[in-house]
Amino acid sequence: MSRRLRLWLLVVGGTGLAALLVAACPELPAFGGASHPYGDRAVRASLARRTANTISSVNFDQRAYDTLGEMTILFAAVLGCVVLLRQTRDEHRARPEPADVEPPVRRYALVVLPVALLVGLYVVAHGQLSPGGGFQGGVAVATALHLLYLGADYRALERIRPVGLYEVGDAVAACAYVVLGLAGVLAGTAFLANTLLPYGTFNTLSSGGLVPLLNAAIGMEVACAVVVLLARFLDQAVEIEEERT
């Protein structure tokens, strides 16, 4: 494709997008209004299905299909990085030497690691009750594991981070989200419809119907995806080197 043709495609696409945005703006509610039609409906639906955190109700109930798309984008991005950053024939692995870590850094990282891991798991588990959820908690869990890299060395991180296992976990979590959606179809409702489980008691861990399960699947998928992603970049930075002739 020539540069001129790419420029024309950009102009046509940008013009179409600008036209759609201009057409949509007059229909927006007034800025700073006391009420918002979508917001009011979202809160009512959240309370009706015993989900205390309205954001999680929107993500995993009212627009759970959109969240599936977001998860698929992350899964595809990680898959692309795995393919692009794989070890090639003109590269070899050089085992890194043990790192010399300053004692204060080592102590801080090793003390904070279990705390950060626990906080991440808490955020995932309580996503339907309080701010946070699978996306935020999954990133916190994956980040907590990498504190071992800062506090010890790369070999220590590798011992608790078998990349193949996390790749399987990423795929299993993504499939679990889809299977939960298909369960609604098999039960005679809609894909990802929050109608399979009882909604439970408001503001408890078992409330929200399918929301906690979908939230947990996202948390596992995000955590595993971030671990795999960082593993590939760290491999390139620490272990993989070009062959010298």
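All residue numbers in this chain count up from 1 along the given sequence. Bear in mind the structure is a predicted one, so any value in this text is a computation, not a measurement.
Proximity of D235 to Y154: side-chain heavy atoms (C-beta onward) are separated by under 4.5 Å at one or more points. Considering only heavy atoms from C-beta on, F135 comes within 4.5 Å of T67 through its side chain. By the 4.5 Å heavy-atom criterion applied to side chains, P212 and F60 are not counted as neighbours. Side chains of L68 and M71 form a contact here, defined as non-hydrogen atoms less than 4.5 Å apart. I55 places none of its side-chain heavy atoms less than 4.5 Å from the side chain of V58. In this structure, V82 and E167 have side chains that are in contact, with non-hydrogen atoms separated by less than 4.5 Å. Proximity of L234 to L157: side-chain heavy atoms (C-beta onward) are separated by under 4.5 Å at one or more points.
In this structure, T204 and L129 approach most closely via the heavy-atom pair O-CD2, 3.3 Å. Shortest non-hydrogen contact noted between V222 and G134 is CB-O, 4.1 Å. Residues A42 and T54 share a closest heavy-atom pair of O-CG2, 3.9 Å. Across every non-hydrogen atom of V163 and A231, the tightest pair is CG2-CB, 3.7 Å. Across all non-hydrogen atoms, the minimal contact from A144 to L113 is O-CG, 3.3 Å. Taking each heavy atom of A173 and A217 in turn, the nearest pair found is CB-O, 3.4 Å.
E102 and R107 are not joined by a salt bridge, as no carboxylate oxygen comes within less than 4.0 angstrom of a charged side-chain nitrogen.
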Please evaluate residues T201 and R50 with respect to the criterion side-chain contact (heavy atoms from CB on, under 4.5 Å), reporting the C-alpha separation (whole Å), side-chain torsions for both, the decisive distance (0.1 Å), and the verdict. CA-CA 7 Å; T201 303; R50 310 294 190 273; over 6 Å; no
The test is side-chain contact (heavy atoms from CB on, under 4.5 Å); show your working for L117 and Y122 and say whether it passes. CA-CA 9 Å; L117 184 61; Y122 178 92; over 6 Å; no
side-chain contact (heavy atoms from CB on, under 4.5 Å) evaluation trace for V12 with T15: CA-CA 5 Å; V12 172; T15 302; 5.8 Å; no
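Residues Y108 and L110 share a hydrophobic cluster, clusters being chains of Ile/Leu/Val/Met/Phe/Trp/Tyr side chains in contact below 4.5 Å. Taking hydrophobic clusters as Ile, Leu, Val, Met, Phe, Trp and Tyr residues chained together by side-chain heavy-atom distances below 4.5 Å, V227 shares a cluster with V112. At a threshold of 4.5 Å between side-chain heavy atoms, the hydrophobic network of Ile, Leu, Val, Met, Phe, Trp and Tyr places L210 and L205 in two separate groups. Using a 4.5 Å cut-off between side-chain heavy atoms of Ile, Leu, Val, Met, Phe, Trp and Tyr, with links allowed through other members, L147 and V139 fall into the same hydrophobic cluster. Hydrophobic clustering (side-chain heavy atoms under 4.5 Å, transitive across Ile, Leu, Val, Met, Phe, Trp, Tyr) groups L180 together with F191.
When the shell of 6.0 Å around CZ of R4 is examined, it contains 12 or fewer heavy atoms from other residues, nucleotides or ligands.
Within the model, atoms SG of C175 and CG of L182 stand 10.5 Å from one another, a figure rounded to the nearest 0.5 Å. Taking OG of S130 as the reference point, atom CG of N203 lies at 9.0 Å (rounded to 0.5 Å). E158 contributes atom CD, which lies 11.0 Å from atom CG of L148 (distance to the nearest 0.5 angstrom). To the nearest 0.5 Å, atoms CG (L230) and OG1 (T143) are separated by 7.0 Å. Note that the CG atom of L192 and the CZ atom of R63 stand 12.0 Å from one another [nearest 0.5 Å]. Taken from CG in L197 to CG in L213, the straight-line distance is 6.0 Å, to the nearest 0.5 Å.
Residue pairs meeting the ring pair (Phe, Tyr, Trp, His ring centres under 6.0 Å) criterion with at least one member in residues 198-221, sequence neighbours excluded, do not occur.
One N or O on the side chain of R106 and one on the backbone of G151 form a donor-acceptor pair closer than 3.5 Å. Formation of a donor-acceptor pair under 3.5 Å by the D61 side chain with backbone atoms of V211 is not found in this model. R161 places no side-chain N or O within 3.5 Å of a backbone atom of R159 that could act as its donor or acceptor partner. For T51 (side chain) and S57 (main-chain N/O), no donor-acceptor pair under 3.5 Å exists by modelled atom type.
At a cut-off of 3.5 Å, with distance as the only test, no side-chain donor of Q128 or S207 sits close to an acceptor on the other residue. Under 3.5 Å, the side chains of R155 and Y149 contain no donor-acceptor pair of N or O atoms. In this model, no donor atom of one side chain and acceptor atom of the other lie less than 3.5 Å apart for N215 and Y177.
Residue R232 is tested with L85, V83, L84 for a side chain to side chain contact (heavy atoms under 4.5 Å, CB included); the sole match is L85.
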